[in-house]
Amino acid sequence: MPGASLPAAAPAAGLAADAPADPATVRALVEAFQDGVRRAEHDAAPAAATPGRPPLSQRVPGANLAVTPVRTAPPASSHPGDPAEVRNLITEFEAGVARALREVSPDRRYEEDPSR
């Protein structure tokens with residue numbers, strides 16, 4: 001049962017668990033709570049900004065972050081290499097993928113068309 005491990009909620013101060021709430025008592029409790037919140041907001045020390053970091057700003061709904069351009073590393077060499085070597089590497093990679101797929105779900109066949 002959800003919440004079964006939670007302790008039984010105690011009635012609010014001045015209110016009995018099964019008695020109807022007196023509007024004046026409830027209003028006094030709410031006003032006391034609001035006074036406590038105002039006191040806490042007034043007494044709270046402002047957070048000191050961290051040196052070297054800009055202060056946080058409030059998020060604006062619908063605003064997006066600035067997109068930074070993606071930096072890709074230039075290829076190590078402009079020459080792709082020996083065509084036969086590249087073909088063998090691609091074939092080994094495809095065979096590894098096919099083997100992994102067979103191991104993960106042996107009931108399905110993910111092999112390429114053999115006529116290819």
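This is a predicted model, so every value here is computed, not measured.
Partners of A100 according to the side-chain contact (heavy atoms from CB on, under 4.5 Å) rule, which considers only residues two or more places apart in sequence or in another chain, do not exist here. For V86, the side-chain contact (heavy atoms from CB on, under 4.5 Å) criterion is met by I90, not counting sequence neighbours.
Residues L29 and F33 have side chains not in contact (no heavy-atom distance under 4.5 Å, counting atoms from C-beta outward).
Contacts classified as salt bridge (Lys or Arg N to Asp or Glu O under 4.0 Å) and involving residues 30-39 (residues at least two apart or in different chains) are given here: D35-R38.
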